Trainee: 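The structure that follows is given in the form of structure tokens.
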Amino acid sequence: MRELPVTRLSGIPPTIFGEMSALAAATGAINLGQGFPDEDGPAAVLARAAEALGNGANQYPPPFGIPALRRAVADHQFRHYGIELDPDSQVLVTTGATEAVAAAMLALVEPGDEVVVFEPYYDSYAAMIRMSGGVRRTVTLAAPGFRLDVDALRAAITPRTRVLLLNTPHNPTGTVLDQDELAAIATVAVEHDLVIVSDEVYEHLTFGAAHVPIATLPGMAERTVTISSLGKSYSLTGWKVGWATGPERLVRAVHSAKQWLTYVSGAPLQPAAAFALDELPDWPAGLAVELRRKRDLLCAGLASAGLRPSVPQGTYFAMTDVAVLGWDDGDAFCRELPHRAGVVAIPVRGFYDSDAGRTLVRWAFCKRDAVLTEATDRLAAADLRPGRPARP
Ligand SMILES: Cc1ncc(COP(=O)(O)O)c(C=O)c1O
């Protein structure tokens with residue numbers, strides 16, 4: 001049989017998250033790999049979804065999403081950031097932030113256009129830039145501080161650059177871009193007439209450092225597609241309810257691609273998502289308080305195990321460099337870890353084009369306290385140096 005031509009994706013490995021979760025399941029290890037909470041979001045929101053299923057919200061919703069959710073997203077942007085949006089023309093409901101990113105790339109990137117991303121990058125970005133025919137240019141957020149190097153950003157821009165694909169708060173480093181960094185990005189975007197696609201799914205999960213949407217900076221609203229979703233803010237990662245907002249011409253462009261991906265997004269979850277945003281606006285802030293405590297619990301445990309975590313300002317994740325234990329490959333460390341310590345983490349070298357992530361490993365702390373404690377106790381008890389035998 002002829003080889004199947006998967007040309008658009010050649011060189012893009014399959015997503016590591018499913019593989020590491022399967023490894024956790026196969027070995028019975030504690031899964032600190034994939035970023036999903038082990039406790040559900042608010043019961044009242046779950047009840048709304050169940051009600052919607054029983055009440056006939058089961059046919060195709062309107063192309064841009066149900067009016068109540070579009071209005072709730074617009075109100076959310078105004079309540080938290082003072083961003084004014086017309087729910088009828090500037091809000092698009094998507095199947096998670098993932099689809100919003102995908103549709104934005106397919107709509108805004110012409111073959112040969114360059115897209116600048118930070119590395120480490122969320123893995124779907126690489127795949128979507130490739131599927132849109134774009135060329136990825138990376139700017140390294142260098143360990144251990146993972147801050148933006150503005151000169152490196154400037155150096156990454158060429159006459160072919162079309163889009164800056166931002167992510168703040170940033171997965172996997174936990175960096176929350178500050179005003180100065182955002183202002184520098186804004187200056188570059190105006191100078192080179194770039195479109196910004198800003199993935200802000202962790203917007204509410206910050207620990208002291210305030211999240212600032214780049215669309216609020218002068219001159220940015222007109223050139224920015226802002227993306228978020230319900231998943232992280234309300235601990236409902238399996239729902240895949242997301243949205244893209246921004247100026248009408250950009251939102252329409254994103255919709256032009258979205259309509260051919262999923263046509264519309266799941267109807268019965270949309271009233272419940274609107275309910276969450278409208279009626280439980282403070283729930284995510286409570287979650288952030290909880291997560292801050294969990295971050296501290298995990299980071300203390302990692303430190304006791306001889307790893308030296310970079311303490312994140314936001315998200316679900318802490319990063320370590322396993323070179324401190326003598327490893328020269330984070331991937332090999334993570335494949336060995338379930339056998340050594342009964343824990344799974346994510347190697348991030350695949351989220352880099354450069355070699356800078358070779359020994360970096362990401363740990364998720366969106367888990368129950370007892371799970372985090374058990375995981376770090378196991379790490380502390382295990383011999384984590386390279387070349388040691390697996391535990392008996
Ligand atoms: C940076 C980033 N963007 C997007 C997503 C996916 O969001 P959704 O589940 O809403 O598609 C994730 C999930 O881990 C993420 O970390």
Side-chain angles (χ1 to χ4, degrees), residues 15-21 31-38 40-41 45 65 69 73 76 91-106 115 117-129 138 141 146 164-177 196-206 211 213-214 225-245 254 257-258 261-262 265-266 269-270 272-273 276-277 284 287 291 312-319 345-346 348 350-352 362-367:
T15 175
I16 187 97
F17 300 116
E19 188 188 342
M20 296 314 278
S21 285
N31 189 356
L32 301 188
Q34 206 168 2
F36 58 86
D38 56 5
D40 267 348
V45 179
L69 180 53
V73 169
H76 170 276
V91 180
L92 171 68
V93 175
T94 59
T95 303
T98 308
E99 190 198 28
V101 170
M105 291 301 109
L106 291 168
V115 179
V117 286
F118 303 142
E119 66 170 14
Y121 43 76
Y122 183 58
D123 62 353
S124 85
Y125 300 170
M128 289 320 308
I129 294 167
T138 52
L141 301 178
F146 301 112
L164 264 175
L165 176 47
L166 294 189
N167 171 216
T168 182
H170 182 258
N171 172 12
T173 66
T175 293
V176 179
L177 293 178
I196 295 180
V197 176
S198 186
D199 176 348
E200 304 182 5
V201 293
Y202 297 99
E203 59 187 321
H204 296 299
L205 307 187
T206 59
H211 166 65
I214 193 155
V225 177
T226 303
I227 290 171
S228 192
S229 77
L230 204 69
K232 315 293 176 183
S233 299
Y234 287 87
S235 292
L236 295 166
T237 62
W239 278 29
K240 306 297 286 186
V241 178
W243 47 86
T245 61
V254 178
K258 183 251 169 13
L261 293 171
T262 50
S265 296
L269 298 180
Q270 294 191 31
L277 295 176
L287 175 62
L291 282 170
Q313 297 175 300
T315 76
Y316 286 164
F317 310 111
M319 294 272 272
I346 296 283
V348 301
F351 307 164
Y352 284 80
R362 187 193 86 171
W363 311 78
F365 51 83
C366 47
K367 307 292 175 186

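Side chains are part of it too, since the values below use all heavy atoms of this structure and drop only hydrogens, waters and symmetry mates. If you're wondering where the values come from, they're calculated on a predicted model, not measured in any experiment. Note that ligands are numbered from 1 as they come in the structure, with each ligand's atoms numbered from 1 the same way.
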Trainee: Can you tell me which portion of K232 lies within the under-4.0 Å heavy-atom range of ligand 1? Options are side chain, backbone, both, or neither.
Mentor: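 Only the side chain of K232 comes within reach of ligand 1.
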Trainee: Check for me whether K367 meets the cation-pi criterion with Y316, that is, NZ or CZ under 6.0 Å from the six-membered ring centre and within 45 degrees of the ring axis.
Mentor: no
Trainee: Is the closest heavy atom of F17 to ligand 1 under 4.0 Å?
Mentor: no
Trainee: Which residue and non-hydrogen atom of the protein lie closest to atom 11 (O) of ligand 1, and at what distance in Å?
Mentor: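 Looking at atom 11 (O) of ligand 1, the protein heavy atom closest to it is T98 OG1, 2.5 Å.
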Trainee: Any side-chain donor paired with an acceptor under 3.5 Å for T315 and N171?
Mentor: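 Side-chain D/A pair, T315 to N171: absent.
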Trainee: Which ligand 1 atoms are under 4.0 Å away from a heavy-atom of N167?
Mentor: 1 (C)
Trainee: Side chains of E99 and T262: is there a donor and an acceptor less than 3.5 Å apart?
Mentor: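 Yes, T262 and E99 have a side-chain donor paired with an acceptor closer than 3.5 Å.
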Trainee: Heavy-atom distance to atom 16 (O) of ligand 1: which of N171, V201, V241, I227 wins?
Mentor: N171
Trainee: Classify the ring geometry of F317 against Y202: parallel below 30°, tilted from 30° to 60°, perpendicular beyond 60°.
Mentor: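 Answer is perpendicular, since the angle exceeds 60°.
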Trainee: Does S229 approach ligand 1 within less than 4.0 angstrom via side chain, backbone, both or neither, non-hydrogen atoms only?
Mentor: side chain
Trainee: Between Q34 and S21, do the side chains contain an N or O donor and an N or O acceptor separated by less than 3.5 Å?
Mentor: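 Note: Q34 and S21 side chains meet the donor-acceptor criterion.
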Trainee: Should the proximity of H170 to ligand 1, defined as any heavy atom under 4.0 Å, be assigned to the side chain, the backbone, both, or neither?
Mentor: neither
Trainee: Would you kindly say whether S265 and K258 are connected by a side-chain donor-acceptor distance under 3.5 Å?
Mentor: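 Yes, a side-chain donor-acceptor pair sits under 3.5 Å.
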Trainee: Would you mind finding which of T94, T95, D199, D123 brings a heavy atom closest to atom 2 (C) of ligand 1?
Mentor: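 Checking each option, the heavy atom nearest atom 2 (C) of ligand 1 is found in D199.
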